[in-house]
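All values reported here derive from a predicted model rather than from experimental measurement. We name chains A, B, ... by the order of the sequence lines, and we start the count at 1 in each one.
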Amino acid sequence: MTTPNSTGPSDFVRAIIAADQAAGKHGGRIVTRFPPEPNGYLHIGHAKSICLNFGIALEHPGGRCHLRLDDTNPTTEDPEYVQAIQEDIRWLGFDWNGYLFYASDYFERLYEFAVTLIKKGKAYVDSLSADDIRAYRGTLTQPGRDSPYRTRSVEENLTLFARMRAGEFPDGAHVLRAKIDMASPNINLRDPVLYRIRHVAHYRTGDTWCIYPSYDFAHPLSDAIEGITHSICTLEFEDHRPLYDWVVAEAEAPHRPQQIEFARLNLSSTVMSKRRLLELVDKRLVAGWDDPRLPTLKGLRRRGVTPEAIRAFCEHIGVAKRDAVVDTQLFEHFVREDLNRRSPRAMAILRPLKLIIDNYPEHLVEELDAVNNPEDPSAGTRKVPFCKELYIEQDDFREDPPKQFFRLAPGREVRLRYAYLVTCVGLTKDPRTGEVTEVHCVYDPDTKGGSSRDQRKVKATIHWVSAAHAAPAEVRLYSHLLTAELTDIPDDKEWTAYLNPHSLERLTGCLVEPSLRHAPVGARFQFERQGYFCVDPDSSAERPVFNRTVSLKDTWAKIQKAQQQ
RNA sequence: UGGGGGAUCGUCUAGCGGUAGGACGCCAGCCUUUGGAGCUGGCUACCUAGGUUCGAUUCCUAGUCCCCCAGCCA
């Protein structure tokens with residue numbers, strides 16, 4: 001799954017690290033980190049980064065991966081997210097082994113680093129307004145201009161910075177800026193803001209601080225403080241790297257971590273940005289952060305996706321620098337592959353159609369043997385009750401069957417899975433709508449279990465439930481969130497206009513085999529011939545609710561689609 | 001039109017001077033008490049143009065296209 005010849009690193013990040021190891025860099029240590037900001041829930045894009053960072057640590061003896069909450073902006077952060085982030089990482093199967101850190105724990109040391117910078121003449125307090133700072137910054141093609149406050153003395157800067165900390169100024173009155181180069185072609189180097197005043201309580205430090213460090217200052221120094229050797233981040237930080245290196249060097253930090261950038265994960269037909277995810281939740285366009293349609297880890301978990309499938313997917317997509325949109329079908333492949341191996345099978349009827357076996361004894365109930373998992377003999381068998389009246393899937397009967405349809409139709413014989421061969425001998429229709437309400441069959445008593453003595457072939461095997469024994473259930477079918485790719489949506493169009501109105505379909509009249517009646521929340525099954533399903537927390541004692549994780553591959557649907565064209 | 005990155009099958013991704021591999025997908029077939037799973041076989045790619053070289057996806061030059069950067073967000 002990694003490299004074909006299984007020698008050497010599987011991606012360019014690991015190649016860099018291997019080369020560093022070979023060169024004896026960092027004294028042979030490998031320390032990575034996963035640094036989420038606790039202002040939202042983790043999604044599958046984070047999973048890629050988690051697998052990379054924790055994976056690399058695991059691959060090296062003595063390697064470690066720190067979990068660091070990058071909580072330098074109190075206005076958006078919340079302890080609820082801190083908790084959820086930890087749960088999600090553990091659920092994915094990774095462990096920070098006690099190396100849990102908070103950027104907010106470094107506020108005092110960060111302040112000292114800032115003082116060091118000021119004393120070296122490498123930082124100054126600017127009193128320009130936010131608007132003026134923007135105006136002075138110049139543009140992509142024009143250099144910026146020095147702030148009139150840029151030449152303040154070290155003493156004045158020191159005093160002002162101390163007074164900022166002491167809370168003597170309102171928000172926005174001053175900022176601390178690095179003194180680098182207002183004419184730099186790299187805008188990040190045009191005296192970036194290091195500290196801003198925010199009279200806001202922080203969820204961990206309370207009212208201790210009213211000045212908070214910016215990402216560009218806090219992040220490299222946090223890495224340095226923790227002795228991170230390789231600081232792996234996404235592409236948009238590539239042109240922050242010179243600033244990262246500048247901060248670490250000028251602040252005289254104890255270590256020099258190396259920043260490496262890779263392309264973030266994009267998945268087709270869905271949204272991954274925090275902004276859009278938040279918009280969906282806030283506008284109630286989805287049920288919450290754990291809505292099974294979302295690519296959040298919480299959503300995927302509720303939908304029934306396993307951590308193993310996510311990890312296999314992340315390993316398979318690789319790590320590179322080119323922008324890429326991974327087809328959701330590839331993700332679904334790994335979900336099916338994992339679920340196929342481990343899911344017990346069951347029979348469930350999503351859209352019921354009554355089937356009556358005319359020649360079956362009125363009150364007889366047979367307990368038939370059904371295999372729990374053909375992929376796993378150790379899963380054993382179970383009994384499924386069978387009687388005269390059953391329900392089958394509406395899709396499995398056609399009064400007037402099209403070409404290549406080989407399920408039940410008048411005069412046709414099919415196999416009822418694990419039961420008998422039955423032949424359709426008639427049907428009942430609603431006189432008003434013309435809708436088929438009942439299908440009548442006769443069974444061959446010599447075919448119990450599903451095979452005949454004469455070995456005659458039937459083209460189809462269909463699933464069923466006993467009308468007298470089946471349990472009612474609700475089933476929720478999910479499909480892609482968007483009807484167009486984000487990159488294809490015109491700038492003047494609201495992206496939410498492209499939400500798929502059929503991304504959730506609730507089926508309330510479903511019937512499942514009795515063994516599913518009390519299936520526990522989170523339990524996963526393959527509903528034969530349909531897909532993989534997972535018991536939702538909305539289930540009640542009387543009625544389970546199932547989420548479809550992913551459908552089975554459907555050859556007939558493909559044929560139908562081709563026939564329509 | 002400043003700076004930083006990136007361009008290989010439809011989609012991801014290998015390859016590091018010897019003539020393109022894997023996975024998904026798609027097509028055909030086998031098998032099958034899930035039209036599932038599995039198994040065969042097939043399909044399609046090196047952004048362009050020059051150059052260096054016996055030989056270039058790999059090196060050089062010039063283009064083209066795509067992404068990111070002008071938060072007191074991260």
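Not a single side chain to side chain donor-acceptor pair (under 3.5 Å) links A/D282 to another residue, sequence neighbours left out. For the ring-ring contact (aromatic ring centres under 6.0 Å, His included) test, residues two or more places apart in sequence or in another chain that qualify with A/Y81 are A/Y41. Annotation: salt bridge (Lys or Arg N to Asp or Glu O under 4.0 Å) contacts of A/K448 (sequence neighbours excluded): A/E366. With sequence neighbours left out, the salt bridge (Lys or Arg N to Asp or Glu O under 4.0 Å) criterion links A/R345 to no other residue. In this view, A/R417 and A/E528 satisfy the side chain to side chain donor-acceptor pair (under 3.5 Å) rule, not counting sequence neighbours. Not counting sequence neighbours, the partners of A/F161 by the ring-ring contact (aromatic ring centres under 6.0 Å, His included) test are A/Y111, A/Y195. Taking the salt bridge (Lys or Arg N to Asp or Glu O under 4.0 Å) definition, one finds that A/K274 meets it with nothing, sequence neighbours left out. Applying the salt bridge (Lys or Arg N to Asp or Glu O under 4.0 Å) rule to A/D488 yields no partners; only residues at least two apart in sequence or on another chain are considered.
Side-chain proximity of A/L552 to B/rG25, B/rU34, B/rC12: nearest is B/rU34. Distances from the side chain of A/D239 to the nucleotides B/rG5, B/rG3, B/rC24 place B/rG3 closest. Distances from the side chain of A/A324 to the nucleotides B/rG36, B/rC67, B/rC12 place B/rC12 closest. Nearest to the side chain of A/P185, among B/rC24, B/rG3, B/rC12, sits B/rG3.
A/E337 has its CD atom 12 Å from the C1' atom of B/rG38, to the nearest Å. A/D323 has its CG atom 13 Å from the C1' atom of B/rC65, to the nearest Å. Rounding to whole angstrom units, OH of residue A/Y136 and P of B/rG71 are separated by 16 Å. Rounded to whole Å, atom P of B/rG22 lies 12 Å from atom NE2 of A/H316. Atom C1' of nucleotide B/rG71 and atom CG of A/L194 are separated by 14 Å, given to the nearest angstrom. Atom CE of A/M182 is separated from atom C1' of B/rG3 by 15 Å (rounded to the nearest Å).
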Which protein N or O atoms sit under 3.5 Å from an N or O of nucleotides 45-47 of chain B?
none

So which protein N/O to nucleotides 72-74 of chain B N/O distances come out below 3.5 Å?
from, atom 1, to, atom 2, distance (Å)
B/rC72, OP1, A/R137, NH2, 3.2
B/rC72, OP2, A/R137, NH1, 3.1
B/rC72, N4, A/L128, O, 3.2
B/rC72, N4, A/A130, N, 3.1
B/rC72, N4, A/G172, O, 3.2
B/rC73, OP1, A/R198, NH2, 3.1
B/rC73, OP2, A/R196, NE, 3.1
B/rC73, OP2, A/R196, NH2, 3.0
B/rC73, OP2, A/R198, NH2, 2.0
B/rC73, O3', A/R196, NH2, 3.2
B/rC73, O2', A/N73, ND2, 3.2
B/rA74, OP1, A/T72, OG1, 2.8
B/rA74, OP1, A/R196, NH1, 3.4
B/rA74, OP1, A/R196, NH2, 2.8
B/rA74, OP2, A/Y215, N, 3.0
B/rA74, O3', A/D70, OD2, 3.0
B/rA74, N6, A/H240, NE2, 3.4

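Note on A/K457: every side-chain N or O is 4.0 Å or more away from OP1 and OP2 of B/rU32. A/S184 has no side-chain polar atom (N or O) that falls below the 4.0 Å cut-off from OP1 or OP2 of B/rG3. Phosphate contact (OP1/OP2 of B/rU8, side-chain N/O of A/R322, threshold under 4.0 Å): present.
Taking the six-membered ring for Trp and the full ring otherwise, the centers of A/Y420 and A/Y443 sit less than 6.0 Å from each other. Between A/Y215 and A/F237, the distance from one ring center to the other falls under 6.0 angstrom. Ring pair A/F405/A/W556: centre-to-centre distance below 6.0 Å.
Separating the C1' atom of B/rG6 from that of B/rC27 is a span of 33 Å, rounded to the nearest Å. Spacing of C1' atoms, B/rC16 relative to B/rU58, comes out at 6 Å, to the nearest Å. Nucleotides B/rG55 and B/rU19 are separated by 15 Å at their P atoms, to the nearest Å. Atom name P, nucleotides B/rA49 and B/rC65: the rounded distance is 16 Å, in whole Å. Comparing B/rC9 with B/rU57, their C1' atoms sit 14 Å apart, to the nearest whole Å. With P as the reference atom, B/rU1 and B/rC66 are 11 Å apart, rounded to whole Å. Nucleotides B/rC59 and B/rG41 are separated by 34 Å at their P atoms, to the nearest Å. Annotation: B/rU34 and B/rG38 have their C1' atoms spaced 13 Å apart (nearest Å).
Side-chain atoms of A/R407 come within donor-acceptor range of the base of B/rG35, with a qualifying N/O pair under 3.5 Å. Between the side chain of A/E375 and the base of B/rG36, at least one donor-acceptor pair of N or O atoms lies under 3.5 Å. Residue A/D327 places no side-chain atom within donor-acceptor reach of the base of B/rG25, judged by atom type and a 3.5 Å distance cut-off alone.
One finds no salt bridge joining A/R407 and A/D395 here, because no Lys/Arg side-chain nitrogen approaches an Asp/Glu carboxylate oxygen to under 4.0 Å. One finds a salt bridge joining A/K383 and A/D369 here, because a Lys/Arg side-chain nitrogen approaches an Asp/Glu carboxylate oxygen to under 4.0 Å. Salt-bridge formation is not detected for the pair A/R33/A/E226: no Lys NZ or Arg NE/NH1/NH2 atom is positioned less than 4.0 Å from an Asp or Glu carboxylate oxygen.
Heavy atoms of A/V550 sit nowhere under 4.0 angstrom from any nucleic acid atom. A/P374 comes within 4.0 angstrom of a base, heavy atoms only.
Seen from the ring of A/Y212, A/R198 does not count as a face-on cation partner, given the 6.0 Å and 45° thresholds.
Between A/L265 and A/M272, the closest heavy-atom pair is O-CE, 3.7 Å.
In terms of position on RNA chain B, the residue among A/K558 and A/I317 whose nearest nucleotide sits closer to the 5' end is A/I317. Toward the 5' end of RNA chain B, the nearer of the two residues A/N373 and A/N186, judged by each one's closest nucleotide, is A/N186.
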message = If you apply the rule side chain to side chain donor-acceptor pair (under 3.5 Å), what do you find for A/S214 with A/D216, and how did you get there?
response = CA-CA 6 Å; A/S214 65; A/D216 282 317; 5.4 Å; no
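Regarding the sugar-base torsion, B/rG71 falls in the syn class, its angle being within 90° of 0.
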ask   = For RNA chain B, what string of dots and brackets results from 5' to 3' when Watson-Crick and G-U pairs need both distances under 3.5 Å, crossing pairs get [ ], and pairs with another strand get |?
value = .((((((..((((....[..))))((((((.......))))))...(((((..]....))))))))))).....
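Near-neighbour residues of RNA chain B inside residues 525-532 of chain A, defined by a heavy atom below 4.0 Å, number-ordered: A/Q526, A/E528, A/R529.
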